[in-house]
Amino acid sequence: MDRVRTRFAPSPTGFMHIGNLRTALYAYLFAKSNDGDFILRIEDTDRARYVEGAVEFIKNTLNAAKIFPDEGPDIGGDFAPYVQSQRMDIYKRYAEQLVENGHAYRCFCRQSDEPSTVEPDKKFGGYDRHCRDLDPDVIAKNLADGVPYVIRQKMPLAGETTFFDVLHGNITIANSELEDQVLLKRDGMPTYNFANVIDDHLMKVSHIIRGTEFITSTPKHVLLYQFFGWELPIFIHLAPVMGKADDGSISKLSKRHGATSFDDLIKAGYLPEAITNYVALLGWNPKNSNQEIFSMDELIEAFSLEGLSKSPAVFDYDKLDWMNGEYFKRMSDQSFADSARNFVELDDNLESKWEFLASLLKTRVSKFSEINGSIRFLIEKPAFDAELFINKKNKVTVEKSIEIIEAALEQIDRIDDWTLETISETIGAFAASTQLKLGTVMWPLRVGLSGQKVTPGGVNELLYLLGKKNSLSRLHETLDNLKSV
RNA sequence: GGCGCCUUGGUCAAGCGGUUAAGACUCCAGCCUCUCACGCUGGCUACAUGGGUUCGAAUCCCAUAGGCGUCACCA
């Protein structure tokens with residue numbers, strides 16, 4: 001087989017949809033697992049949709065996701081430039097060639113949103129074929145008059161076109177279904193369907209990995225390859241990434257499903273490696289293995305086209321949360337504390353104990369953005385809720401809570417050396433003296449201090465984090481509240 | 001609507017003619033533990049429907065239904 005070369009060809013719209021990221025990832029993994037090349041090409045042929053800074057954004061995103069192009073804008077390569085708007089002369093040349101060979105023609109019709117000066121041609125059943133067999137004199141005159149035109153591809157009217165897709169096998173579409181699509185727009189820019197073919201051939205792309213939305217336009221591309229006498233690349237059309245709405249409906253992942261771009265996810269406190277790892281598994285699996293946590297190198301090692309699935313996959317935030325949590329657990333306390341720091345707001349007290357707090361948080365949160373919520377009770381006094389004190393499993397009731405807190409208060413009050421060690425010793429001794437199950441003793445204290453059932457750390461940690469004064473006042477207040485229930 | 005693609009639990013998925021139909025997330029239960037959490041163990045829930053082919057079908061074929069895509073001078 002010739003050298004494997006894949007490409008990722010986004011248009012600069014200003015954000016990186018998770019589906020696009022996955023496409024880029026698969027193209028990258030496939031190239032790298034075959035010692036091939038991965039190319040980044042910017043498809044900026046739509047001037048209206050161009051967003052300032054978008055190219056930079058794409059590069060930064062790929063970089064954060066650890067997807068490194070071998071060729072591309074700035075990086076360069078044997079087939080530069082890698083930005084389509086800088087290749088206009090190339091497309092024009094090939095389009096003219098097609099016109100000369102009779103596979104394309106100039107069309108002087110107005111744009112579809114303008115009032116038409118010509119009637120759609122009933123003979124061909126459509127508007128698009130109107131200028132097919134224009135009189136050469138008319139063409140010459142229009143050209144001389146400077147009438148704007150587009151170049152359209154002349155599709156065969158009969159027969160069918162078949163192409164092979166790695167995932168779907170042979171796909172056949174009747175040529176009569178293909179319209180005479182525009183190749184070169186009025187402004188001289190090529191359309192996607194044209195530039196794509198030209199560039200993929202010129203850049204020696206061996207495998208085209210892209211979304212299924214292109215499956216029905218692939219026959220048009222195939223015809224183009226045939227017109228030019230070029231060898232066909234191998235097609236791989238990926239199933240889309242879906243999202244599930246609150247009402248349970250499934251549709252292509254979009255804004256209504258929440259965070260759907262790589263950047264959104266980063267802002268929501270997910271790790272880039274976890275996002276990449278999760279996304280890799282959305283539509284691909286390593287066969288012969290149940291491994292789920294993959295480093296980029298392991299993905300490259302394990303990747304193969306056979307593992308790609310052809311049915312759509314629904315993006316599941318629960319699983320992403322789990323996976324991100326797994327990545328947290330594998331981080332050192334120090335790097336977790338550092339990475340999480342930007343996402344949290346602390347008061348002076350907590351600031352000084354941040355690293356300790358972070359070590360407790362590491363195994364208890366699934367994304368950075370959760371942290372503020374889960375530690376707010378350390379800064380603001382929580383609301384009182386008697387219900388929380390009742391715990392069947394630990395045999396805790398309101399009465400029992402009063403009893404325990406009252407007794408514990410005496411012991412806590414005596415602690416002078418407010419360190420985790422001393423606190424642990426004191427509380428441990430106190431718990432033992434009650435003759436009760438540990439869980440029974442700790443439950444009311446936890447709830448009394450925090451106002452919640454699940455906390456970062458146990459009672460000892462809570463006392464330490466809160467400080468003596470704060471701990472005592474919360475417990476006293478809780479006692480009063482409990483007694484007035 | 002025409003054309004095309006897809007269809008195993010709530011979700012991701014293994015399975016390529018013979019299996020008790022893997023595994024993971026979620027949820028639930030139990031265990032462990034200096035207490036919630038973490039961890040461990042176990043449990044619930046699936047082959048869209050109807051016809052074939054075959055000794056035998058989640059696996060092959062055909063219909064039906066549903067979902068998705070496409071029909072731009074967007075990609």
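All values reported here derive from a predicted model rather than from experimental measurement. Naming: A, B, ... by sequence-line order, numbering from 1 per chain.
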Just N and O in the side chain of [X]: are any of them under 4.0 Å from OP1 or OP2 of [N]?
X        : N     : answer
A:Lys453 : B:C36 : no
A:Lys287 : B:C16 : no
A:Lys362 : B:A37 : no
A:Asn285 : B:A14 : yes
A:Thr45  : B:A75 : yes
A:Arg364 : B:C36 : no
A:Lys329 : B:G39 : yes

On a whole-Å scale, what distance lies between the [atom1] atoms belonging to [N] and [M]?
N     : M     : atom1 : answer
B:A13 : B:C31 : C1'   : 29 Å
B:G52 : B:C25 : C1'   : 38 Å
B:C71 : B:C28 : P     : 45 Å
B:C16 : B:U59 : C1'   : 6 Å
B:G23 : B:A37 : C1'   : 25 Å
B:G10 : B:G4  : C1'   : 29 Å
B:C32 : B:U41 : C1'   : 10 Å
B:G69 : B:A75 : C1'   : 14 Å

- Distance in angstrom units between A:Lys319 NZ and B:G9 C1', rounded: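 Taking NZ of A:Lys319 and C1' of B:G9, I get 13 Å after rounding.
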- For A:Asn288 and B:A22, give me the distance from atom CG to atom P, rounded to whole Å.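 Going from CG in A:Asn288 over to P in B:A22 covers 18 Å.
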- Determine, using ring centers only, whether A:Phe235 and A:Phe214 are less than 6.0 Å apart. no
- Would a line drawn from the ring center of A:Tyr270 to the ring center of A:Tyr327 be shorter than 6.0 Å? no
Using both distances under 3.5 Å as the test, list the Watson-Crick or G-U wobble partner of [N], or none.
N     : answer
B:C40 : B:G30
B:U70 : B:G2
B:A63 : B:U49
B:A22 : none
B:A14 : none

- Relative to the ring of A:His17, is the ring of A:Phe15 parallel (under 30°), tilted (30 to 60°) or perpendicular (over 60°)?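 Correct class here is perpendicular.
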- Could you tell me whether A:Lys329 atom NZ has more than 12 heavy atoms of other residues or ligands within 6.0 Å of it? yes
- A:Ser359 and A:Glu355: side chain to side chain donor-acceptor pair (under 3.5 Å), yes or no, with the steps? CA-CA 6 Å; A:Ser359 72; A:Glu355 290 192 7; over 6 Å; no
Base, sugar-phosphate alone, or nothing: which one does [X] contact when heavy atoms must sit under 4.0 Å apart?
X        : answer
A:Gly458 : base
A:Ser309 : sugar-phosphate
A:Val314 : sugar-phosphate

- Message: What I want to find out is whether A:Lys319 reaches A:Glu292 closely enough, with some N-O distance under 4.0 Å, to be called a salt bridge.
- Response: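 Salt bridge between A:Lys319 and A:Glu292, a charged N being under 4.0 Å from a carboxylate O: yes.
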- Message: Between A:Arg106 and A:Glu96, does any NZ, NE, NH1 or NH2 come within less than 4.0 Å of an OD or OE carboxylate oxygen?
- Response: yes
- First of A:Pro10 and A:Ala313 reached from the 5' end of RNA chain B, by closest nucleotide: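 Closer to the 5' end of RNA chain B: A:Ala313.
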- Item | Whichever of A:Asp316 and A:Phe214 has its nearest RNA chain B nucleotide further upstream toward 5' | A:Asp316
